[in-house]
Each structure stands twice: as structure tokens, then as C-alpha cells.
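To start, the structure itself, in C-alpha cells.
In this chain, numbering begins with 1 at the start of the sequence shown.
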Amino acid sequence: MDVDIAPMDRVLEMFDRAGIPYEVWDADELARRMPGLDPGRFWPPKRIEDPAFWEDTDKRLGALWTPGAGFVDDPGLAAVNLANSAKRRGAQFLFRRQVIAVLGDGAVNGVRLDDGTTVSAPVVIKAAGELVCQGMPQEVLTKETMRTVFSLDVEIDVKPQSNRPLVIPLRRRPVSLPA
């Protein structure tokens, strides 16, 4: 919804940069597409005891529609699906292990696990507590890794002050599941 506390122009700028498809709906389009939704702009919020709560308004809201958006109603199943997808793409998982130490002198060069295993790498990608990828920043933070692991198209730039990769998300790629 086009509301004062979340200016749409800032969101649209980010969506354009990331290549996220969207449609801007005025109040009439919102009412046509979502007939059960009242496009009235009732701002500022009022308590139900306030007589002004029941007043009509002549102000109307528009909306931002993102056809590719969604929600996860079963996070456990989503995690399993993501793990299976990562395995098919070569990821290795270390289960029932806990990171007990981050190794390095100022800069990270690995982690030590509770079973004594050392995973040596200045970049370790963990997802839901599981090791997905490890290596030097230039080895791990690549377009291919981001596309394979996260289904994300990115640009990789190098930060001049640190000579480390800077990952700039462009757009999420559609995920195709095997038949």
C-alpha cells in the first residue's frame, strides 16, 4: 500500500535496480483487482474508542503489486527443499556440529567445530546453521556461487579499500524443481 511511513518511490528505486517486476496500481485499479479491500486512506491510525475511527474518508490509497512475491507457510519444508537443492548442486553439510571458535588474527581464516574439525577459509557461508561453501572471498563470493546456492543474479565488484568482493544483488532467478 502507498502509505506515508513507507514511501513507495524508495522501494521502486530498489526494485528497478534489482530487476524485480512490479505494477503500480492507483486506487481504482486496487479496488478492481482486490474487491474485498477498501482502498480508503484512514490515516493517522485511531483507537476504536475514538469517534473519528468510524468516519469515512475521501482520501484513497494506491498499491504496489509484485506478481513474483509470495510467502513461506511451512519454514521446515522450505529448509528441507533448499538443502536438497544445494546438495544437488554439490554442497556438503556438516550436521550436529557447533562452531566453537572463529579462527584468525583480525581477519577470519576459518572455524573450529566442537568435534575438533577445522574448516579453513576466510569466508564460510552458513545457511540455517549448516556449512554451504568455504574458501577465499574471491573464490566463494562469485556470480556462479550466488546463482547456484541462492538462485540470485549478482554483480561482483571489488571494494578498493579492502580489495574484497562486494556482492550486488540484481534479481532472483526462478527456481526449477526436477520432475
Side-chain angles (χ1 to χ4, degrees), residues 1-91 123 125-130 132-133 137 140-162 164-179:
M1 304 296 276
D2 186 16
V3 294
D4 301 335
I5 60 173
M8 192 184 300
D9 57 332
R10 292 173 61 193
V11 173
L12 296 180
E13 181 183 328
M14 289 186 283
F15 279 13
D16 288 340
R17 286 185 62 207
I20 297 171
Y22 63 86
E23 297 174 23
V24 176
W25 294 350
D26 63 16
D28 291 333
E29 185 68 10
L30 176 61
R32 187 180 76 72
R33 300 265 193 116
M34 305 283 179
L37 186 68
D38 181 353
R41 180 185 289 262
F42 297 93
W43 186 264
K46 299 163 191 73
R47 297 184 62 82
I48 198 165
E49 314 75 56
D50 184 340
F53 180 87
W54 303 101
E55 292 176 359
D56 285 331
T57 182
D58 59 351
K59 298 176 184 167
R60 301 184 67 189
L61 289 171
L64 177 62
W65 171 254
T66 51
F71 68 96
V72 174
D73 63 349
D74 185 342
L77 178 60
V80 169
N81 289 340
L82 289 170
N84 288 337
S85 177
K87 284 180 193 175
R88 285 192 302 272
R89 290 170 172 82
V123 175
I125 296 177
K126 288 180 67 177
E130 305 300 334
V132 175
C133 192
V140 172
L141 300 176
T142 66
K143 289 181 181 184
E144 185 57 34
T145 299
M146 298 296 112
R147 184 179 299 117
T148 302
V149 176
F150 301 107
S151 296
L152 190 65
D153 284 333
V154 300
E155 282 297 326
I156 307 288
D157 201 357
V158 177
K159 293 169 68 176
Q161 58 274 50
S162 65
R164 291 186 179 225
L166 174 65
V167 179
I168 305 162
L170 299 175
R171 69 181 177 91
R172 177 141 329 259
R173 300 175 60 79
V175 177
S176 7
L177 300 174

Report the residue from M8, R10, M14 that forms a side-chain contact (heavy atoms from CB on, under 4.5 Å) with L12. M8
Here the pair of heavy atoms bringing I48 nearest to W54 is O-NE1, 3.6 Å
Which atom of T57 lies closest to which atom of R41, heavy atoms considered: OG1-O, 3.2 Å
Apply salt bridge (Lys or Arg N to Asp or Glu O under 4.0 Å) to D28 and R60, showing your working. CA-CA 9 Å; D28 291 333; R60 301 184 67 189; 3.1 Å; yes
Which pair of heavy atoms, one from P21 and one from P67, lies closest together, and at what distance? O-CD, 3.7 Å
Closest heavy-atom pair, L30 versus A63, reported as atoms and distance to 0.1 Å, is CD1-CB, 3.8 Å
Quick one: sort the W65 and W25 rings into parallel, tilted or perpendicular, breaks at 30° and 60°. parallel
Euclidean distance, L61 CG relative to D26 CG, rounded to 0.5 Å: 11.5 Å
Restricting to non-hydrogen atoms, name the atom on V24 and the atom on Y22 that form the minimum distance, rounded to 0.1 Å. CG2-CE1, 3.9 Å
For residues R32 and P35, report the shortest heavy-atom separation together with the two atoms involved. O-CD, 3.9 Å
